[in-house]
Amino acid sequence: MYVDLKMRATINQKLTEMGERERLKELLRAKLTECGWKDQMKAHCKEVIKEKGLEHVTVEDLVVEITPKGRALVPDSVKKELLQRIRMFLAQHAT
């Protein structure tokens, strides 16, 4: 489903203004911790640092290296729940 940038910005603004964005972020953090995602990513970071050597890895390098795996490891159930909550919020606050 394609959502244009203006629509995305409008949705993000509404979520932020009403405090829903922070609630969603907290929910996401809790769900990711609960499903073991956070531990998996921590282990992956350690692997990358061990492979490349601590003195050869910047935070930026680490982010570039782990982001694709991090996104792939988010369970579909978590993505669906967040999407459903965003849809419910938008339905309740449609103007």
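Small disclaimer: the values here were computed from a predicted structure and weren't measured.
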In this structure, are over 12 heavy atoms from other groups packed under 6.0 Å from Lys42 atom NZ?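 Check fails, neighbour count at 12 or below.
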
Indicate the atoms forming the closest heavy-atom contact of [X] with [Y], along with that distance.
X	Y	value
Asp4	Met7	OD1-CB, 2.8 Å
Arg21	Thr16	CD-OG1, 3.1 Å
Val57	Val48	CG2-O, 4.4 Å

State plainly whether the residues Lys14 and Glu17 are in salt-bridge range, i.e. N to O under 4.0 Å.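 Glu17 and Lys14: not salt-bridged.
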
Check ion pair Arg23-Glu26 (N to O, under 4.0 angstrom):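 No, no charged N to carboxylate O under 4.0 Å.
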
Hey, could you give me the [atom1]/[atom2] distance between [X] and [Y], rounded to the nearest 0.5 Å?
X	Y	atom1	atom2	value
Asn12	Ile86	CG	CD1	9.0 Å
Leu32	Asp39	CG	CG	11.0 Å
Lys80	Arg87	NZ	CZ	11.0 Å

Taking side-chain hydrogen bond (donor to acceptor under 3.5 Å, both in side chains) as the definition, give me every residue that meets it alongside Gln84, ordered by chain and number, with sequence neighbours left out.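 Per chain and number, Gln84 pairs via side-chain hydrogen bond (donor to acceptor under 3.5 Å, both in side chains) with no residue.
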
Contacts of type side-chain hydrogen bond (donor to acceptor under 3.5 Å, both in side chains), residue Gln40, not counting sequence neighbours: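 side-chain hydrogen bond (donor to acceptor under 3.5 Å, both in side chains) check on Gln40 returns nothing, list empty.
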
List the steps and the verdict of side chain to side chain contact (heavy atoms under 4.5 Å, CB included) for Leu27 and Glu81. CA-CA 10 Å; Leu27 173 68; Glu81 183 175 349; 3.9 Å; yes

Using atom types as modelled, flag every donor-acceptor pair under 3.5 Å from a side chain in residues 61-73 to any protein atom, sequence neighbours excluded.
{"from": "Asp61", "atom 1": "OD1", "to": "Thr58", "atom 2": "OG1", "distance (Å)": "3.4"}
{"from": "Asp61", "atom 1": "OD2", "to": "Thr58", "atom 2": "N", "distance (Å)": "3.3"}
{"from": "Asp61", "atom 1": "OD2", "to": "Thr58", "atom 2": "OG1", "distance (Å)": "3.2"}
{"from": "Thr67", "atom 1": "OG1", "to": "Val63", "atom 2": "O", "distance (Å)": "2.5"}

Cluster question for you: counting only ILVMFWY and a side-chain heavy-atom cut-off of under 4.5 Å, with indirect links fine, are Leu83 and Leu28 together?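 Looking at the clustering, Leu28 is in a separate group from Leu83.
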
With clusters defined by side-chain heavy atoms of hydrophobic residues (ILVMFWY) lying less than 4.5 Å apart, directly or transitively, does Leu90 cluster with Met88?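 No: no chain of side-chain contacts under 4.5 Å links Met88 to Leu90.
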
Side-chain (His93) to main-chain (Phe89) donor-acceptor, under 3.5 angstrom: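 Judged by distance alone, yes, a pair lies under 3.5 Å.
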
